[in-house]
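Sequence positions, counted from 1, serve as the residue numbers for this chain. We use all heavy atoms of the structure for the numbers below, so side chains are in, but hydrogens, waters and symmetry mates are not.
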Amino acid sequence: MGRKDASTVKLPVDQYRKQIGKQDYKKTKPILRAAKLKAEAKKTAIGIKEVGLVLAALLALLLAFYAFFYLRLSTDVDPHLEPDEN
């Protein structure tokens, strides 16, 4: 029962946590909310790389489509066919 003084000594970790809590408490709610929204927006934003990859894929698809029809329709005309007289 003579050990009451030992219970009042706080660990350095508890002191550190208390100090950090005081620092966060000093900030106002709008500042905390703005920081949270900014971090969330940065996390979910679409990057330049993703946009570039989508545009490159669309361009490759368009070029493949064009090449297919160009090669398909650019066959030689049969010389035995009679040309139209119009």
Side-chain angles (χ1 to χ4, degrees):
M1 283 200 202
R3 297 220 143 213
K4 289 184 180 179
D5 293 333
S7 66
T8 60
V9 176
K10 293 187 177 183
L11 296 174
V13 175
D14 290 334
Q15 291 175 353
Y16 176 74
R17 288 178 183 162
K18 187 175 180 180
Q19 181 183 6
I20 295 297
K22 284 181 182 178
Q23 289 175 0
D24 282 342
Y25 186 72
K26 289 178 184 177
K27 295 180 183 178
T28 60
K29 285 186 179 183
I31 294 172
L32 290 173
R33 188 178 303 128
K36 186 176 180 181
L37 288 174
K38 184 178 178 182
E40 186 176 327
K42 186 177 179 182
K43 182 180 175 183
T44 60
I46 296 175
I48 301 269
K49 289 181 182 179
E50 289 84 7
V51 172
L53 286 174
V54 169
L55 289 177
L58 288 173
L59 182 63
L61 185 64
L62 182 65
L63 286 174
F65 187 73
Y66 177 78
F68 173 75
F69 281 107
Y70 178 78
L71 294 173
R72 189 83 169 135
L73 297 176
S74 67
T75 58
D76 293 335
V77 177
D78 192 8
H80 299 294
L81 293 177
E82 296 177 8
D84 291 337
E85 295 182 11
N86 292 338

Mind checking what makes side-chain contact (heavy atoms from CB on, under 4.5 Å) contact with Lys42, not counting sequence neighbours? none
Can you tell me how far apart [atom1] ([X]) and [atom2] ([Y]) are? Round to the nearest 0.5 Å.
| X | Y | atom1 | atom2 | value |
| --- | --- | --- | --- | --- |
| Leu53 | Leu58 | CG | CG | 11.0 Å |
| Glu40 | Lys36 | CD | NZ | 7.5 Å |
| Arg17 | Leu11 | CZ | CG | 9.0 Å |

Should Leu59 and Tyr66 be regarded as members of a common hydrophobic cluster, given that ILVMFWY residues are connected when their side-chain heavy atoms come within less than 4.5 Å of each other, either directly or indirectly?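 Leu59 does not cluster with Tyr66.
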Any side-chain heavy-atom pair of Arg33 and Leu37 under 4.5 Å: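 With C-beta onward as the side chain, the pair touches.
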Aromatic plane relationship, Phe69 with Phe65 - under 30° parallel, 30 to 60° tilted, over 60° perpendicular: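 Judged by the thresholds at 30° and 60°, the geometry between Phe65 and Phe69 is perpendicular.
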Does atom CG (Leu62) have a neighbourhood of more than 12 heavy atoms from anything else shown, all under 6.0 Å? yes
